[in-house]
Amino acid sequence: MDLTSVERDMLAGRDGPAKQRAMKGLVQLGRAFAAPRMVEIGYAHIHAGMALYLEDVELMEELAAIDARMVVPASVNIANADTVNWRQTGAPESLVRLQRRASSAHAKMGSDCTFTCTPYWAGHWPTWNTHMTSIESTVTIFCNSVLGAKSNRDGFFAVYAGMTGRYPLFGYHLDSNRRGTMLFEIDTPVSGSSDFSCLGFLVGNQVGDGVPVISGFARRPTLDELDALGAGIATSGGATMFIVPGVTPPYGDLPAAFGGHAIPAPVRVLRAAIDAVYARYSDAHEVLDIVHLGCPHASYEEMKHYARLLDGRRIAEGLELWITASRNVRNAAAEAGIVATLENAGARVISDTCPMACHFARTVSPDPALGIVPPRLRAIVVDSAKQAKYVRDMIQCPVLLTGTEEAVETAMTGRFVARRTP
Ligand code: F3S
């Protein structure tokens, strides 16, 4: 790789052991993908240090101890425990203590301890053409497709990129890879986060690791709908970017979205295909335990929407309603009285984690010293195809996918209400 003198200094250890370690890792990554050089990044969304695994937290502490520092704005991905009111998820205190250790290490390294999968709602909003990195696929696809920033789907390398301000030039950092490979034409009303998440799920399934171009929406999708769309696409396939002409910068129309290449015949998306995603996550159940909203982590607008739906009502006895959001969004919603409205209805406003990321998962091996015993849940109702997949695969619990309004009705009545066609 062609390195600048600044990058060579880092690699040689002249800027200390932390940067040397990070640059070594990034050079290895770059060589593996035949990157000709590094690019300067403007933002990093990094690994949280998962408190389920002691070694993971210790790794973050080790980096902090050798003076690793973030040299670009850095936000931190979702945590394993509610960082505000951990008792409401039934987490053991040992898990929370470990999460706090990770938080201290991040604070020392200069990261913003957002602990969220939607750092953009917490103020991290990279602009068009900014090279960046992200460990979270939902963040990567939103930043590529809605904001026009440039990112790959990364792993721990995101931490190294944040420590050096560099990332190898390959993948979606190259304009030549940022053009459509398949065209989807929407031929049905699609409305609300749950529909967009199902649409994303079916598109992601078909496009693989290509770039879907999606057109034909009756109106401009909202930011929350675009967030749900990207999360769905990134869940069922390997896609890293989508293009909605007129929305995704800088693609104004179909010819631009395909980079001047021939526009392929469209795949028409009818209502039946979206309904099939709801049907796919519609497990048999006898008793519901939890209704969950807020995947990806809710925005302030979504919190307002939930409050409108719940105002003056009360959830059914024996059922839990979880609303998950970042601590930043929760704080803003609390100041506006929104959290009080939600809690008066019996909802639990949970910060910085989600059902999939907390101690519920049965497919992980937490540190034995934490004493975690995942609860045996009977059924979870969700309004997100992403959460639905993880509830079934990781929590190994029956799951029912429906719309946001229908999920709230379910929480009110205690009986499952399926998505109604808009
Ligand atoms: Fe975020 Fe958890 Fe959904 S990490 S995207 S709320 S599965």
Side-chain angles (χ1 to χ4, degrees), residues 45-52 75-84 89 91 99 102 113-122 124 134-143 145-146 153-155 158 193-194 196-198 200-201 204 223-237 239-240 277 281 290-299 302-303 306 321-330 348-364 374 377 380-397 399 401 404 407:
H45 181 65
I46 66 171
H47 183 61
M50 304 305 276
L52 288 170
S75 53
V76 174
N77 202 29
I78 195 156
N80 291 142
D82 183 328
T83 58
V84 174
T89 65
Q99 194 67 67
C113 294
T114 48
F115 288 126
T116 183
C117 52
T118 54
Y120 22 93
W121 307 144
H124 291 272
S134 164
I135 190 170
E136 166 60 53
S137 64
T138 295
V139 176
T140 301
I141 200 164
F142 185 87
C143 293
S145 317
V146 182
R153 281 169 82 145
D154 287 307
S193 294
S194 64
F196 273 80
S197 119
C198 291
F201 196 89
L223 287 171
D224 290 320
E225 288 170 337
L226 292 165
D227 191 28
L229 176 67
I233 292 173
T235 297
S236 59
T240 299
V277 180
Y281 293 106
I290 296 175
V291 175
H292 173 252
L293 306 175
C295 170
H297 270 175
S299 68
E302 286 175 316
M303 296 293 271
Y306 303 152
L321 172 58
W322 283 31
I323 294 173
T324 52
S326 69
R327 208 165 63 260
N328 295 57
V329 167
R330 184 195 198 281
R348 301 177 187 203
V349 180
I350 287 161
S351 310
D352 297 352
T353 191
C354 77
M356 179 279 287
C358 76
H359 61 290
F360 286 0
R362 296 186 161 270
T363 50
V364 298
L377 296 166
I380 300 182
V381 175
V382 299
D383 70 342
S384 151
K386 177 169 183 174
Q387 189 71 231
K389 176 173 168 40
Y390 290 129
V391 167
R392 183 183 284 166
D393 293 354
M394 294 179 64
I395 302 177
Q396 299 180 336
C397 160
V399 65
L401 173 58
T404 305

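In listed order, ligands and their atoms are each counted from 1. Only heavy atoms go into these numbers, but all of them, side chains included; no hydrogens, no water, no symmetry mates.
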Nearest non-hydrogen partners of A388 and V399, listed with the distance: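 In this case the closest contact between A388 and V399 is O-CG1, 3.7 Å.
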
Heavy-atom pair with the smallest gap, counting every atom of R327 and C113: NH2-O, 2.8 Å

Nearest-contact summary for atom 7 (S) of ligand 1 - protein heavy atom, Å: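 Among all protein heavy atoms, the one nearest atom 7 (S) of ligand 1 is Q387 NE2, 3.3 Å.
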
Protein heavy-atom partner closest to atom 4 (S) of ligand 1 - residue, atom, separation in Å: I78 CD1, 3.4 Å

Which ligand 1 atoms, with their elements, are less than 4.0 angstrom from a heavy-atom of [X]?
X    : result
K386 : 5 (S)
P296 : 5 (S)
C117 : 1 (Fe), 4 (S), 5 (S), 6 (S)

Pair D224-S299, side-chain donor/acceptor within less than 3.5 Å: yes

Flag side-chain contact, heavy atom, 4.5 Å: W121 against L223: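 W121 vs L223: side chains touch.
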
Side chains of D154 and I135 in contact at under 4.5 Å (non-hydrogen atoms): no

N, O or S of C295 under 2.8 Å from atom 3 (Fe) of ligand 1: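 An N, O or S atom of C295 is closer than 2.8 Å to atom 3 (Fe) of ligand 1, so yes.
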
Chi angles and distances behind the side-chain hydrogen bond (donor to acceptor under 3.5 Å, both in side chains) call for S75, H45: CA-CA 5 Å; S75 53; H45 181 65; 2.8 Å; yes

T324 touching ligand 1 at heavy-atom level, < 4.0 angstrom: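 So T324 does not count as touching ligand 1.
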
From G230, A298, C354, G232 - option closest to atom 6 (S) of ligand 1 by heavy atom: C354

